[in-house]
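First comes the structure, then the notes that go with it.
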Amino acid sequence: MQSATDIILTGDRTTGKLHLGHYIGSLRSRTELQHEYRTFIILADVQALTTHFDHPDVLATSIRQVALDYLAAGIDPNQATLFIQSMIPEIAELAQYFSMFVTVNSLRHNPTVKNEARQRGVQDMYYGFLGYPVSQAADIAICKATLVPAGDDQIPHVEQARKIVRRFNELYRPVLPEPRILQGGRLTGLDGNSKMSKSLGNALYLDSSAEDVRTKLARAKTDPARIHKYDPGHPDICPVYEYHRYFRQDGMAEIHEQCSKGAIGCTDCKRLAAQAVNRLLEPMRERRHTFAARTGDVDEILIEGTRKAQITARETMSEVRDAMGIGYFRR
């Protein structure tokens, strides 16, 4: 159950532009909840280094790209605090304290860590990659977040954060709230084989042009059992039907029925799906254009948001150190 005192922490690694999978996973709910709860949105540049440590030059560009995606999607900097992870040193300090009692075995068995390592062909696990869930737990705890909107691939991380916070409170003193998960949806990628992902190259980005949306969806995988145009389809297993389900405001039942009867072909179905996606993205394109023309304003939003987050982080770490008995010389 949510309450008026709930605090939200959410965000993304700054490894490039955001896509529709991010929107369905948690960004859509952020835009809705920012008006109801105190909201922190982290641009996780340190965690971006878990996979981009050899290309740190991408971070500066990606931070601004992701910030533009947030603002274009409807995040209001007057309602939500956008901040840069690396500019909050208290996060690293808290992650270090957490790491003292988190076992390597529990990290190795984290399903998301294992899956991403497998996808990226990681054979010899780096310390930062393995410790990603500990870092994320510190992100959540430093803001004293009680709600974490997350896509299903992030649920193991949030569950581990819950355990870490619970263990800290048991060891020392209950100063950190145990976060709850606000689960988002999952959007299949254009290849039809897995979730939408930048690294898998199967994404539709939030800054896509109308023509790009039409072109990419025209090539998207559909129901593999449907060979001919008038064959009965199976919309419940068709990746393209997901785009209708998530992005159409009406007419889903009609498309479901027509597909099931073979009354609509995949080409027409994709065209209608592209129309629905473009209706969502058109106001985002306008907002992005406005903010992109004022890059100084975007930087100021990040600077001011980071300043606010720094105040919160210092307050939290003061309580953490006192709970651990290492708040030396405090008066």
Side-chain angles (χ1 to χ4, degrees), residues 7-15 40-54 56 59 63 81 83-114 116-117 122 124-146 148 150 154-179 305-330:
I7 297 173
I8 289 174
L9 181 283
T10 183
D12 297 279
R13 294 194 309 143
T14 53
T15 57
F40 291 92
I41 301 180
I42 185 170
L43 288 90
D45 57 332
V46 175
Q47 287 163 3
L49 293 171
T50 59
T51 53
H52 290 66
F53 63 87
D54 52 347
L59 299 186
I63 280 174
T81 300
F83 69 97
I84 299 173
Q85 184 182 38
S86 63
M87 297 179 71
I88 312 292
E90 289 82 2
I91 294 175
E93 181 183 358
L94 184 55
Q96 184 73 6
Y97 296 155
F98 283 167
S99 71
M100 300 305 171
F101 57 81
V102 176
T103 67
V104 171
N105 198 44
S106 70
L107 295 172
R108 286 189 177 278
H109 284 83
N110 181 297
T112 301
V113 171
K114 289 198 298 183
E116 187 158 353
V122 175
D124 192 12
M125 197 82 73
Y126 292 104
Y127 175 81
F129 189 99
L130 184 64
Y132 183 106
V134 181
S135 176
Q136 194 172 71
D139 298 335
I140 295 167
I142 207 74
C143 299
K144 290 196 169 181
T146 55
V148 182
Q154 290 297 306
I155 289 176
H157 285 340
V158 183
E159 288 289 359
Q160 191 143 25
R162 286 166 55 84
K163 293 176 182 177
I164 290 170
V165 166
R166 190 181 311 139
R167 182 60 175 152
F168 179 92
N169 290 337
E170 291 169 350
L171 282 169
Y172 307 114
R173 196 167 70 231
V175 297
L176 301 174
E178 192 173 316
T306 299
R307 185 192 67 80
K308 291 179 180 177
Q310 286 168 342
I311 294 171
T312 297
R314 289 172 192 140
E315 292 172 350
T316 299
M317 284 310 302
S318 179
E319 293 183 55
V320 164
R321 296 185 196 107
D322 280 352
M324 296 178 68
I326 58 175
Y328 311 126
F329 315 122
R330 281 178 55 81

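Keep in mind that the numbers below use all heavy atoms, side chains included, and drop hydrogens, waters and symmetry copies. As the structure is a computational prediction, the values presented were derived from the model and not from experiment.
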Glu319 side chain near Arg173 side chain, heavy-atom distance below 4.5 Å:
no
Could you tell me whether Met125 atom CE has more than 12 heavy atoms of other residues or ligands within 6.0 Å of it?
yes
Please give me the minimum heavy-atom distance between Ser135 and Ala95, naming the atom from each residue.
CA-CB, 4.2 Å
Supply the atom-to-atom distance Leu130 CG to Leu107 CG, rounded to the nearest 0.5 angstrom.
4.5 Å
Side chains of Ile84 and Ile63, heavy atoms from C-beta outward: is any pair under 4.5 Å?
yes
Judged by modelled atom types alone, do Thr51 and Arg13 share a side-chain donor-acceptor pair under 3.5 Å?
yes
Report the distance from atom CD1 of Ile88 to atom CZ of Arg307, rounding to the nearest 0.5 Å.
11.0 Å
Counting only heavy atoms from other residues, nucleotides and ligands, does the tally under 6.0 Å from CZ of Arg166 exceed 12?
yes
Output, in order, the C-alpha distance, side-chain angles, deciding distance and verdict of side chain to side chain contact (heavy atoms under 4.5 Å, CB included) for Ile91 and Val46.
CA-CA 10 Å; Ile91 294 175; Val46 175; over 6 Å; no
Between the side chains of Arg321 and Glu93, is the shortest nitrogen-to-carboxylate-oxygen separation below 4.0 Å, so that they form an ion pair?
yes
Answer yes or no: is there a donor N or O on one side and an acceptor on the other, between the side chain of Glu90 and the main chain of Arg314, under 3.5 Å?
no
For Val113 and His157: C-alpha separation, side-chain torsions, deciding distance, then whether side chain to side chain contact (heavy atoms under 4.5 Å, CB included) applies.
CA-CA 9 Å; Val113 171; His157 285 340; 3.7 Å; yes
Quick one, Ser106 and Val102 - any side-chain contact, counting heavy atoms below 4.5 Å?
yes
For a 4.5 angstrom cut-off between non-hydrogen side-chain atoms, does Lys308 reach Thr312?
no
Kindly compute the distance separating OG1 (Thr10) from CD1 (Ile41), expressed to the nearest 0.5 Å.
6.5 Å
How about Ser86 and Asp45: does a side-chain donor come under 3.5 Å of a side-chain acceptor?
yes
Would you please test Met317 and Val320 for side chain to side chain contact (heavy atoms under 4.5 Å, CB included) and show each step?
CA-CA 5 Å; Met317 284 310 302; Val320 164; 4.0 Å; yes
For the student: nearest non-hydrogen atoms of Thr112 and Asn110, plus distance:
N-OD1, 2.9 Å
Partners passing side chain to side chain donor-acceptor pair (under 3.5 Å) against Thr81 (at least two apart in sequence or in another chain)
none
Angle class for the Phe83/Phe40 ring planes (parallel below 30°, perpendicular above 60°, tilted otherwise)?
perpendicular
Gln96: side chain to side chain donor-acceptor pair (under 3.5 Å) partners, not counting sequence neighbours:
none
Which atom pair, heavy atoms only, marks the closest approach of Asn105 to His109?
O-ND1, 2.8 Å
Rounded to the nearest 0.5 angstrom, the CG-CE distance for Leu43 and Met87 is 11.5 Å
Side chains of Gln136 and Gln160: does their closest heavy-atom pair fall under 4.5 Å?
no
State whether a side-chain donor-acceptor pair under 3.5 Å links Asn169 with Glu178.
no
How long is the straight-line distance from CD1 of Ile140 back to CZ of Arg162, given to the nearest 0.5 Å?
10.5 Å
Any side-chain heavy atom of Tyr132 within less than 4.5 Å of one from Val134?
no
Decide yes or no for Val175 and Phe168: does some side-chain heavy atom of the first lie under 4.5 Å from some side-chain heavy atom of the second?
yes
Please report the shortest heavy-atom distance between Leu94 and Ala138, naming the atom on each side.
CD2-O, 3.9 Å
Taking the six-membered ring for Trp and the full ring for Phe, Tyr or His, determine whether the centres of Phe53 and Tyr126 are under 6.0 Å apart.
yes
With sequence neighbours excluded, tell me which residues meet salt bridge (Lys or Arg N to Asp or Glu O under 4.0 Å) with Glu315.
none
For the pair Leu9 and Asp139, evaluate side chain to side chain contact (heavy atoms under 4.5 Å, CB included) and give the outcome as yes or no after the intermediate values.
CA-CA 8 Å; Leu9 181 283; Asp139 298 335; 4.3 Å; yes
What heavy-atom pair brings Pro133 and Ile164 nearest, and what distance separates the two atoms?
O-CD1, 4.4 Å
I need the Ile8 CD1 to Thr146 OG1 distance, nearest 0.5 Å.
7.5 Å
Shortest non-hydrogen contact between Ala141 and Thr316, atoms and distance:
O-CG2, 3.6 Å
